[in-house]
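To start, the structure itself, in structure tokens.
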Amino acid sequence: MNAILRPIHPQHCANIIVGLKTNEVRTKIPKCGVPYKVYIYCTLKGSNDLVSHIGLDRYWKEKWHLKKGMVIGEYICDKTVCYGWNYDNHGHYDVPDEELATTCLNMLDLIDYGGGGPLWFEHISNLVVYDEPVPISEFFTLCGWQKCDGCEYESWDYAPCSSDKERICTVGGRKPIRKPPQSYCFVQDRGEFYARA
């Protein structure tokens, strides 16, 4: 199964964890088809909004200060639905009210975020919340061997007694992630990796 790392603001992470938010709204989704696994990266941005949303007591009790900038869980996206812009009645998205309620957003939020472009709803299923947040550095992109030129992990192996050299990857095609993606990036499924180890 394909897997992606998805940055999500803390307020939305909190709503996902308690089961209020069962659809994540995005302007871009992976073109790999469903199902795919989504690792939830709790962004640093939006922390002040979280405190005002859940209150300071709950913020400290649930240790949100330790979750920011970390991967806090995963879910399976088993369905995606695209909603377009409706130009009637001053413009809005054609999202049924019951579907909109599953996003913990309102129509003005959708308009502000989507700007009239298509919006994708990722259905959240099989949610797993980690007991301990995982650093982003423990996730890897699968680079293959196509993009080695100039890669910081590229090296050359010289054959003994020969001037022939061979390109090698010092990380075995698994680049560690150093900073969160803007929208999403494909990553190696941790479950599949640790099952083989």
Side-chain angles (χ1 to χ4, degrees), residues 1-30 32 34-78 104 122-148 150-155 168-197:
M1 177 183 312
N2 288 302
I4 64 169
L5 180 68
R6 164 98 59 214
I8 299 176
H9 286 208
Q11 179 178 344
H12 300 301
C13 289
N15 287 333
I16 289 171
I17 287 173
V18 297
L20 290 174
K21 184 177 177 80
T22 56
N23 274 305
E24 175 65 12
V25 180
R26 290 295 163 162
T27 57
K28 296 178 185 174
I29 60 168
C32 60
V34 292
Y36 54 88
K37 184 178 282 188
V38 178
Y39 290 103
I40 305 167
Y41 172 79
C42 183
T43 64
L44 295 170
K45 183 179 178 184
S47 297
N48 293 340
D49 294 336
L50 176 64
V51 172
S52 65
H53 178 67
I54 67 172
L56 198 54
D57 289 341
R58 185 173 157 205
Y59 179 85
W60 290 108
K61 182 180 177 186
E62 294 178 7
K63 300 181 181 177
W64 280 98
H65 61 290
L66 300 175
K67 297 176 182 176
K68 298 180 304 181
M70 304 283 267
V71 178
I72 63 165
E74 63 188 64
Y75 63 86
I76 303 296
C77 173
D78 59 354
C104 295
E122 278 184 339
H123 183 253
I124 297 168
S125 67
N126 299 36
L127 176 67
V128 176
V129 179
Y130 300 153
D131 293 332
E132 295 292 325
V134 179
I136 198 170
S137 60
E138 292 189 24
F139 289 82
F140 301 90
T141 61
L142 296 174
C143 61
W145 299 95
Q146 298 87 0
K147 302 175 184 174
C148 290
C151 175
E152 64 186 300
Y153 300 108
E154 174 189 36
S155 186
I168 60 169
C169 178
T170 60
V171 292
R174 296 176 61 233
K175 287 185 186 179
I177 295 178
R178 295 188 177 174
K179 62 180 186 174
Q182 189 72 25
S183 177
Y184 71 88
C185 69
F186 283 96
V187 293
Q188 183 171 19
D189 186 330
R190 294 184 77 219
E192 291 177 10
F193 174 73
Y194 289 114
R196 282 187 271 135

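- Distance check: Gln188 CD to Glu138 CD gives 13.0 Å after rounding to the nearest 0.5 Å.
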> Between Glu24 and Tyr75, does a side-chain hydrogen bond (donor to acceptor under 3.5 Å, both in side chains) hold up when you go through it step by step?
Replying inline: CA-CA 11 Å; Glu24 175 65 12; Tyr75 63 86; 5.4 Å; no
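- Residues Pro176 and Ser137 approach most closely at CB-O, 4.2 Å, considering heavy atoms.
- Applying the ring-ring contact (aromatic ring centres under 6.0 Å, His included) criterion to Phe139, with sequence neighbours excluded, gives Tyr39.
- Considering only residues two or more places apart in sequence or on other chains, Ile4 meets the side chain to side chain contact (heavy atoms under 4.5 Å, CB included) condition with Arg6, Pro30, Tyr36, Val38, Glu122, Tyr184, Phe186.
- In terms of heavy atoms, Met70 sits closest to Pro133 at CB-CB, 3.6 Å.
- Between Asn15 and Cys104, the closest heavy-atom pair is ND2-CB, 3.7 Å.
- Here Lys179 contributes atom NZ and Tyr41 contributes atom OH; the two are 11.5 Å apart, rounded to the nearest 0.5 Å.
- When all heavy atoms of Leu5 and Pro181 are compared, the pair lying nearest together is O-CG, 3.6 Å.
- Residues Ile177 and Val187 form a side-chain contact, since some pair of their non-hydrogen atoms from C-beta on lies under 4.5 Å apart.
- Note that NZ of Lys67 and OG1 of Thr43 are 14.0 Å apart. Values are rounded to the nearest 0.5 Å.
- Each of Ile17, Ile16, Ile8, Val129 was scored for a side-chain contact (heavy atoms from CB on, under 4.5 Å) with Ile72, with one residue passing: Ile17.
- A distance of 13.5 Å separates NZ of Lys68 from NE2 of His9, quoted to the nearest 0.5 Å.
- Residue Asp189 comes nearest to Met1 through the heavy atom pair OD2-O, 4.2 Å, listed as atom of the first residue, atom of the second, then distance.
- Applying the side chain to side chain contact (heavy atoms under 4.5 Å, CB included) rule to Asn126 yields the partners Ile76; only residues at least two apart in sequence or on another chain are considered.
- When every heavy atom of Cys32 is checked against every heavy atom of Asn2, the shortest pair comes out as CB-ND2, 3.2 Å.
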>> Apply side-chain hydrogen bond (donor to acceptor under 3.5 Å, both in side chains) to residues Asn23 and His123 and explain how you reach the verdict.
In response: CA-CA 5 Å; Asn23 274 305; His123 183 253; 5.3 Å; no
